[in-house]
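One structure below.
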There are 2 protein chains.
Amino acid sequence: MELYHLRTFVAVAEEKHLTRAAERLFTSQPAISAHIKALEETLGVTLFDRTPKGMRLTPVGEELLPRARQALAAASAVMQHAKGLQDELIGSVRIGLNTDARFLRLTALQAGLAEHYPRLEVAMLTGSTGTNLPAVRVGKLDAAFVTGEIDDPSMSVCFLCDEPLVIGAPVSLRDQIISTDVADLARLPWVYTSPDCSHFAAMRALFDAHCCEPTRTLIANQEDALVEMIRAGVGLGIVRAGVFSNDDHAYELPVALPSVPLQFVYLRKRENDPLIRAVMHQLCAVWGIAPPADAAREAG
Amino acid sequence: MELYHLRTFVAVAEEKHLTRAAERLFTSQPAISAHIKALEETLGVTLFDRTPKGMRLTPVGEELLPRARQALAAASAVMQHAKGLQDELIGSVRIGLNTDARFLRLTALQAGLAEHYPRLEVAMLTGSTGTNLPAVRVGKLDAAFVTGEIDDPSMSVCFLCDEPLVIGAPVSLRDQIISTDVADLARLPWVYTSPDCSHFAAMRALFDAHCCEPTRTLIANQEDALVEMIRAGVGLGIVRAGVFSNDDHAYELPVALPSVPLQFVYLRKRENDPLIRAVMHQLCAVWGIAPPADAAREAG
DNA sequence: ACCACGCCATCACAATTTCCGAAGACGCGA
DNA sequence: TCGCGTCTTCGGAAATTGTGATGGCGTGGT
């Protein structure tokens, strides 16, 4: 028994004629006849009395008709519900962060996602470039903010902005900072970032260029931990410009540093995933950049 | 969308593998794959995430699954209900009577029908042979008791018993009944049956044989009316033997009359109608006669 | 690092089902 | 009695569905 049997059953019951039911269902009358016959055989009951005037429901058919309607309605409900879910994103998306929410414009992103996909649960998970990348690779994250050049063909990378770096210094060490010469600074205590952080590369470049090695004091792989260490006076460190504005405990040294790109990454194979598309769409709107074109052509 | 799509959907959702779902549904894995693909296309949503380990429901699929189950259950309810109605007779059957209920053994017939077909509504409609036959012909009755020979090829006739006839006379006329000679009796007042009643034929035969004509007094086409007329002293009449046993107002004259057959008739073209079959089966049980064999061979 | 395994998607072709148009059977009404 | 409208049946065509083989892909064991 299939749905078309029931559809035909109901149509014939309502039209009381095979011919009219056939017209209503845009098919031929023999087809309708066969449907009814097959249905009657599988059900083992007679649904209609055949009269010269048409088809009249038997008491059994009368009794089965509302159930058939119910089944059709239930099937229709599936389709209806699916239509409602058509372009709806439901479930959750996990986005890895690598720095503070304001700089990443998270409230705007969250607002855009919430507005367009009210049933999408958005999880913003703090981390760092170093932890975000593998998390995205293994699927623990759907996408993530990272800094620095990403050289991974399995990743799609979306450039957001250049992030200027500065050397941050605690106020408590101001007395010991007599010059902004890198070699001098290297002798002071430093808070290291972890090697998988892009700031680490910037730091290496800086000291290598001046042929010196900083004093290692502490390694922090979370940016806010790093910032707190600097503010607490543990040592100098490389941070994004602006984190110490109007800060009583730390300030920026006027040393030119290269900037690193802030980027948004996700698995390339998911670039056509509606979830990713939606997040990217909102993200690009927030950052004022063009969303990635329909990337089907480079999917192979 | 058809039911098999939903069946496959549910099976895959439960088995989490196309392969296993295919085994469960006794078909091949590509077929299952096609079902899911087609369903996803008609619904416009993605139901499963394809993983190397199998199929995992998406949140959308998760949401649609119970509705799909509901639709399948509704369809299954149709079949279930139909199975229950399989050999059940529902609706009503109209049986025409031509004499009193006890003689027709109606309580036994009613009991048998009620026991085997509790949902069958049985209507016993009083009438006479003359009114019952056309009523059966035009479908106002499904079957009827009649007396006398029936010569109608469109009718199936089932002989039940021979019905002995007697001349009934009112006690109030006893004084005027000096002999049982028919010619003498003919001079007394008579209550006629209508010409379409088999008793009428018996009456005609009786008087024709004795070359006399009875005095017509009143015509009654209902047997109980006839009986009442006789008891009220209106005149003599031909009735079934036994109706006046222990009756204070009328009695039977010892005049030999031919008997007429009591029969049960229905439209021959309905002889395979389950309703007719059921009634005949019960009727024959009550009357202790063999039910008509599967009459398919003489249906043409 | 490699290979074997299990998973699903796709393909071409076969089997089945469904569908159609025509013809037949039947009862009704003119 | 004939015409009309109904449903049923029939043969062949069309569409759908199912099958087995093949390939891509990721995983886990060696």
Side-chain angles (χ1 to χ4, degrees), chain A residues 1-9 11-13 15-42 46-58 61 136-140 153-154 267-273 299-300, chain B residues 1-9 11-42 46-58 61 136-139 153-154 267-273 299-300:
Chain A
M1 185 181 75
E2 291 299 331
L3 283 177
Y4 68 87
H5 291 126
L6 299 181
R7 278 190 277 265
T8 299
F9 173 34
V12 173
E15 300 287 352
K16 304 189 205 302
H17 291 270
L18 292 194
T19 316
R20 288 186 216 154
E23 286 172 11
R24 190 214 272 197
L25 297 174
F26 303 106
T27 181
S28 69
Q29 177 267 330
I32 299 300
S33 178
H35 290 177
I36 297 297
K37 181 178 180 179
L39 184 58
E40 286 183 328
E41 276 179 15
T42 66
T46 300
L47 296 171
F48 293 96
D49 280 332
R50 276 71 166 171
T51 79
K53 295 205 223 322
M55 309 281 279
R56 196 183 54 241
L57 275 174
T58 62
V136 170
R137 271 196 207 94
V138 302
K140 286 193 184 306
S154 73
L267 281 178
R268 177 177 299 279
K269 67 180 175 187
R270 291 187 65 186
E271 65 191 351
N272 286 320
D273 184 326
Chain B
M1 185 182 74
E2 292 299 331
L3 283 177
Y4 68 88
H5 290 124
L6 299 181
R7 280 190 275 265
T8 299
F9 173 33
V12 173
E14 288 174 352
E15 299 288 351
K16 304 193 207 302
H17 292 271
L18 292 194
T19 316
R20 286 187 217 156
E23 286 173 13
R24 189 213 275 196
L25 297 174
F26 303 105
T27 181
S28 67
Q29 174 265 326
I32 299 299
S33 179
H35 290 176
I36 297 297
K37 182 177 179 178
L39 184 58
E40 285 183 330
E41 275 179 15
T42 65
T46 301
L47 296 171
F48 293 97
D49 280 331
R50 277 72 167 169
T51 80
K53 293 203 225 320
M55 308 283 279
R56 196 182 53 239
L57 277 173
T58 63
V136 170
R137 270 195 208 95
V138 302
S154 73
L267 282 179
R268 179 177 300 279
K269 67 180 176 187
R270 292 187 64 188
E271 64 191 353
N272 285 319
D273 185 326

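So you know, we letter chains A, B, ... as the sequences are listed, proteins then strands, and number each from 1.
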Original post:
Can you tell me if the side-chain N/O atoms of A:Tyr4 get under 4.0 Å from OP1 or OP2 in C:dT18?
Top reply: yes
Original post:
Which residue lies toward the 5' end of DNA chain D, A:Ala34 or A:Gly54, if each is placed at its nearest nucleotide?
Top reply: A:Gly54
Subject >> Out of C:dC8, D:dG18, D:dT6, whichever nucleotide has its closest atom nearest the side chain of A:His17 >> reply: D:dT6
**OP:** May I have the distance from B:Met1 (atom CE) to D:dT17 (atom P), rounded to whole angstrom?
**Re:** 14 Å
**OP:** Quickly work out the B:Ile32 CD1 to D:dT17 P distance and round it to whole Å.
**Re:** 13 Å
Original post:
Can you find a side chain N or O atom of A:Thr27 that sits less than 4.0 Å from OP1 or OP2 on C:dC19?
Top reply: no
**OP:** Please state whether the phosphate of D:dC7, meaning OP1 or OP2, lies under 4.0 angstrom from any side-chain nitrogen or oxygen of A:Ser33.
**Re:** no
Original post:
Separation of A:Leu25 atom CG from C:dT18 atom C1', in whole Å?
Top reply: 15 Å
Original post:
Taking 4.0 angstrom as the limit, do A:Arg7 and A:Glu2 come out as a salt bridge?
Top reply: no
Original post:
For A:Ala38 and A:His5, which heavy atoms make the closest approach, and how far apart are they?
Top reply: CB-NE2, 4.0 Å
**OP:** Round to the nearest Å and state the distance from A:Glu23 atom CD to D:dG5 atom P.
**Re:** 13 Å
**OP:** Check every atom of C:dC8, D:dT17, C:dG21 against the side chain of B:Arg50 and return the nucleotide holding the closest atom.
**Re:** C:dC8
Original post:
What is the distance from atom CE of B:Met1 to atom CG of B:Leu3, rounded to the nearest 0.5 Å?
Top reply: 8.0 Å
Original post:
Which whole-number value in Å describes the distance from A:Arg56 CZ to D:dT6 P?
Top reply: 16 Å
**OP:** Output the distance between atom CG (A:Asp273) and atom OG1 (B:Thr46), rounded to the nearest 0.5 Å.
**Re:** 8.5 Å
**OP:** Please tell me which of the listed nucleotides, C:dC7, D:dT19, D:dT9, lies nearest to the side chain of B:Pro30?
**Re:** D:dT19
Original post:
Roughly, in whole Å, what's the span from CZ in B:Arg20 to P in C:dC7?
Top reply: 6 Å
Subject >> Separation between CD1 of A:Ile32 and OG1 of A:Thr19, rounded to the nearest 0.5 Å >> reply: 10.0 Å
Original post:
C:dC8 phosphate, OP1 or OP2: any side-chain N/O from B:Thr19 under 4.0 angstrom?
Top reply: yes
Subject >> Earlier contact from the 5' end, DNA chain C, for A:Gln29 and B:Pro52 >> reply: B:Pro52
Original post:
Does a nitrogen or oxygen in the side chain of B:His35 sit under 4.0 Å from OP1 or OP2 of D:dG18?
Top reply: yes
**OP:** Starting from the 5' end of DNA chain C, give me the residue, B:Lys53 or A:Ala31, whose nearest nucleotide shows up first.
**Re:** B:Lys53
Original post:
In whole angstrom, what separates A:Glu41's CD from D:dT8's P?
Top reply: 12 Å
Original post:
Do the side-chain N or O atoms of A:Lys37 get closer than 4.0 angstrom to the phosphate oxygens (OP1, OP2) of D:dC7?
Top reply: no
Original post:
How long is the line joining NE2 of B:His5 and P of D:dT16, in whole Å?
Top reply: 11 Å
